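Here is the structure we will look at, set down as structure tokens.
In what follows, every chain begins at residue 1, and chains take the letters A, B, ... in the order their sequences are listed. Predicted model, so just to flag it, every value in this text is computed and none were measured.
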Amino acid sequence: MSDLPPSDISHDQHAVRRAKLAEMRAGGFDPFRANVATTHFSGDAIKLHVDGQDNAVTVTVAGRLVTIRDMGKSQFVKILDQQGQIQLYVKKDVVGDVAYAAFKKLDLGDILGAKGTLFKTKTGEVTVRVESYTLVAKALHPLPEKWHGLSDPEQVYRQRYLDLIVNAESRARLLLRSRIVSHIRRFLEAQQFIEVETPVLENTAGGAAARPFKTHHNALDVDFFLRIATELRLKRLLVGGFDRVFEIGRIFRNEGVSRKHNPEFTMLEVYQAYSDHRGMMTLIKDMLTTLCRDVLGTTKIKHAASGQEIDFAGEWREVDYKDLIREATGDAEWFARSKAEKIAGAEKLGLSVSPTWEEFEITNEIFSKKIEPTLIQPTFVLKLPKELCPLAKISLDDPTTIDVFELTIGGMEVAPAYSEQNDPDVQRAMFEAQAGEEKQNIDHDFLLALEHGMPPAGGMGVGIDRLCILLTGAESIRDVILFPQLRPGSMKTGETDKT
RNA sequence: GGGCUGGUAGCUCAAUGGUAGAGCAGUUGCCUUUUAAGCAAUUGGUUCCGGGUUCGAAUCCCGGCCGGCCCA
């Protein structure tokens with residue numbers, strides 16, 4: 001460090017703020033030891049004002065200083081709290097000379113509480129006429145620019161708190177996510193579903209086909225996997241007599257990071273005894289329709305990618321998987337074709353498939369690349385090939401398919417659901433057929449549970465992040481996750497130097 | 001993992017291979033109903049990091065770090 005401290009620190013906003021803090025402390029006031037007893041959030045306070053009755057109601061609000069309009073002997077400023085912004089009017093002859101002089105030294109980003117009466121300005125904005133205020137936290141770094149906000153995506157994700165302070169759309173979008181999750185809970189509880197929590201650490205990562213994260217428990221000296229689904233645990237609860245259960249849980253999959261994938265994401269899984277996949281169709285339609293109505297205030301949303309309007313209140317299309325494939329390939333006999341013919345058919349559609357793939361994988365490539373993206377309106381795809389999921393019941397009228405649906409909205413898979421397989425012997429056979437040489441991955445304890453008897457049930461998984469993408473119009477999963485996963489980075493950290 | 005693309009002041013962005021600039025923010029003044037408030041003056045740069053080419057590099061080349069988009 002130089003032993004010649006710069007005499008002019010006015011260009012260094014951090015140093016200026018540190019100097020202001022030091023001056024306050026030297027004068028006997030430390031903002032970090034102060035607090036304020038608020039009476040209202042901003043939005044609630046604003047609602048208290050009655051037209052024509054200025055200065056009739058006194059409130060104490062608190063928040064972060066985000067706008068300052070200094071007019072010499074008075075200032076209009078705005079503070080931001082959980083509900084939004086509220087304007088404060090600070091007049092020198094009301095708060096007094098000393099307090100006013102101190103107020104002029106506040107910086108954008110500082111957190112303060114203010115007490116005063118509500119009035120309406122001549123431009124019609126309900127404002128607090130400040131009688132007294134207290135600084136309760138000093139911001140030692142400047143806020144991002146007030147008009148453009150923070151737009152560097154890396155900083156938006158790494159320093160989400162700044163994004164939330166200055167980007168109103170981000171605040172609104174992420175708050176909406178909380179309301180969506182809250183609504184789902186209330187919706188399910190109203191139908192007597194019980195919310196449960198099951199382990200994240202598992203001996204066998206089952207219930208889905210995905211690469212798990214691995215970790216180690218020191219005291220037991222055993223490796224654990226982070227769960228890739230909650231399915232097998234929740235079904236054990238059906239065996240245990242919890243007839244309607246759900247979990248909104250974090251799932252971990254050790255796979256790529258992309259616009260639609262975060263290594264940890266949130267999944268709702270619902271199981272209802274004595275129901276089936278048809279029952280789940282009713283459940284999810286009710287859930288999403290009321291969700292739209294209660295949270296968004298409309299059942300019609302704009303799908304950004306396609307420009308289409310998605311209507312949740314209309315009839316939801318039901319179509320068999322095989323019919324979609326036959327339609328896309330223009331081949332009524334597709335499922336009777338040889339593997340070589342299927343490969344040729346897929347390539348004719350512009351897809352590159354490998355001869356090492358199983359036939360159902362070739363067919364499913366057509367589904368996920370050529371069909372799914374076109375299913376914008378809510379669509380139940382029914383009767384999937386049995387190879388795609390070993391946990392569902394085989395269809396009675398077609399033993400090559402299973403009694404399931406895949407709900408697709410906006411070209412994205414939003415919710416798969418099954419008539420759950422409860423025959424322990426069929427279940428074991430399905431596991432073995434799928435696991436191949438890796439039979440050690442079979443969850444034998446789950447099979448034991450099934451042998452004790454699981455009631456017939458419908459079950460469903462809903463990707464909460466994808467649902468939020470859809471309902472908030474977000475472009476990326478990162479925009480609906482508060483702290484998305486990034487490579488450990490070199491974001492400038494807060495210095496600890498004292499000036 | 002591959003292709004394309006980006007990293008410049010606290011933030012948002014400029015800058016033909018030739019003196020690194022603007023707006024906001026900051027600092028100093030003026031202004032007691034402002035709405036991106038206004039007016040005047042003014043400070044501020046390891047151009048992500050490390051090499052190379054060149055008389056000269058923010059700019060061109062190579063390598064690295066961290067993002068974004070597309071693909072796998």
Side-chain angles (χ1 to χ4, degrees), chain A residues 6-20 23 54-55 65-79 84-97 100-101 103-110 116-130 139-159 161-163 165-168 211 254-261 305 350-354 356-357 361 365 368-369 373 475-479 484-495 499:
Chain A
S7 53
D8 177 15
I9 56 164
S10 68
H11 63 274
D12 183 343
Q13 304 192 43
H14 179 64
V16 167
R17 287 164 183 241
R18 281 223 173 262
K20 287 180 180 176
E23 189 187 336
D54 281 354
N55 302 313
L65 198 48
V66 290
T67 301
I68 297 175
R69 296 194 187 101
D70 182 352
M71 289 175 301
K73 296 183 181 61
S74 75
Q75 304 192 26
F76 283 97
V77 305
K78 287 186 179 175
I79 59 172
Q85 297 188 4
I86 186 167
Q87 181 165 261
L88 310 180
Y89 184 45
V90 186
K91 287 174 79 173
K92 186 175 184 179
D93 56 12
V94 173
V95 298
D97 291 358
Y100 191 77
F103 197 89
K104 289 196 86 143
K105 291 192 174 177
L106 295 183
D107 291 303
L108 288 173
D110 289 352
T117 55
L118 295 170
F119 75 103
K120 200 171 235 180
T121 66
K122 68 181 184 189
T123 50
E125 180 162 354
V126 175
T127 300
V128 179
R129 180 189 161 96
V130 175
L140 296 173
H141 293 279
L143 288 177
E145 207 237 8
K146 63 180 176 185
W147 185 242
H148 302 92
L150 185 64
S151 63
D152 172 14
E154 186 171 0
Q155 206 173 351
V156 163
Y157 300 139
R158 286 196 202 278
Q159 292 184 282
Y161 47 90
L162 293 179
D163 176 48
I165 292 165
V166 300
N167 294 336
R211 186 135 52 104
N254 201 344
E255 292 167 355
V257 179
S258 80
R259 232 156 46 94
K260 285 182 183 166
H261 300 86
L351 299 170
S352 67
V353 295
S354 162
T356 62
W357 291 8
E361 291 175 307
E365 181 75 359
S368 51
K369 291 287 158 59
E475 290 178 1
S476 164
I477 195 170
R478 286 183 285 260
D479 296 328
Q485 202 66 47
L486 293 183
R487 192 181 289 276
S490 53
M491 187 50 66
K492 306 145 221 165
T493 52
E495 312 91 302
T499 340

- Task: Would you classify Thr121(A) as touching base, sugar-phosphate or nothing, given that sugar-phosphate means primed atoms plus P, OP1 and OP2, and contacts are heavy atoms under 4.0 Å?
- Result: base
- Query: Is the closest basic N to carboxylate O distance between Asp70(A) and Lys104(A) below 4.0 Å?
  - Reply: yes
- Any N/O donor-acceptor pair, Gln87(A) side-chain to U34(B) base, under 3.5 Å: yes
- Task: Sticking with atom P, work out how far G2(B) lies from U43(B), rounded to a whole angstrom.
- Result: 48 Å
- Could you give the distance separating U16(B) and G7(B) at their P atoms, to the nearest angstrom? 13 Å
- Message: Using the P atom as the point on both nucleotides, what is the distance between G21(B) and G45(B), in whole Å?
- Response: 12 Å
- Task: Please give the nucleotide sitting opposite C4(B) as a Watson-Crick or G-U wobble pair, both distances under 3.5 Å, or none.
- Result: G68(B)
- Name the orientation class of the two ring planes belonging to Phe119(A) and Tyr89(A) (parallel below 30°, tilted from 30 to 60°, perpendicular beyond 60°). tilted
- For C39(B), which nucleotide in any strand shown is its Watson-Crick or wobble partner with both distances under 3.5 Å? G29(B)
- Query: Paired with C55(B): which nucleotide, if any, by Watson-Crick or G-U wobble criteria at under 3.5 Å for both distances?
  - Reply: G18(B)
- Item | Sequence-aligned protein contact record of nucleotides 23-31 of chain B, with B where the base is within under 4.0 Å of a protein heavy atom and S where only the sugar-phosphate is | BBBBS---B
- Which nucleotides of nucleotides 67-72 of chain B have their base under 4.0 Å from a protein heavy atom (B), which only their sugar-phosphate (S), and which neither (-), written as one string 5' to 3'? SSSS-S
- Task: Write down the distance separating the C1' atoms in U27(B) and C65(B), rounded off to the nearest Å.
- Result: 35 Å
- Message: Could you check whether Lys260(A) pairs with Glu475(A) (Lys NZ or Arg NE/NH1/NH2 to Asp/Glu carboxylate O, under 4.0 Å)?
- Response: no
- Query: Less than 4.0 Å between a side-chain N and a carboxylate O, is that true for Asp93(A) and Lys73(A)?
  - Reply: no
- Which is true for Phe119(A) with a 4.0 Å heavy-atom rule: it touches a base, it touches only sugar-phosphate, or it touches nothing? base
- Query: Using atom C1' of each nucleotide, how far apart are A57(B) and G50(B) to the nearest Å?
  - Reply: 15 Å
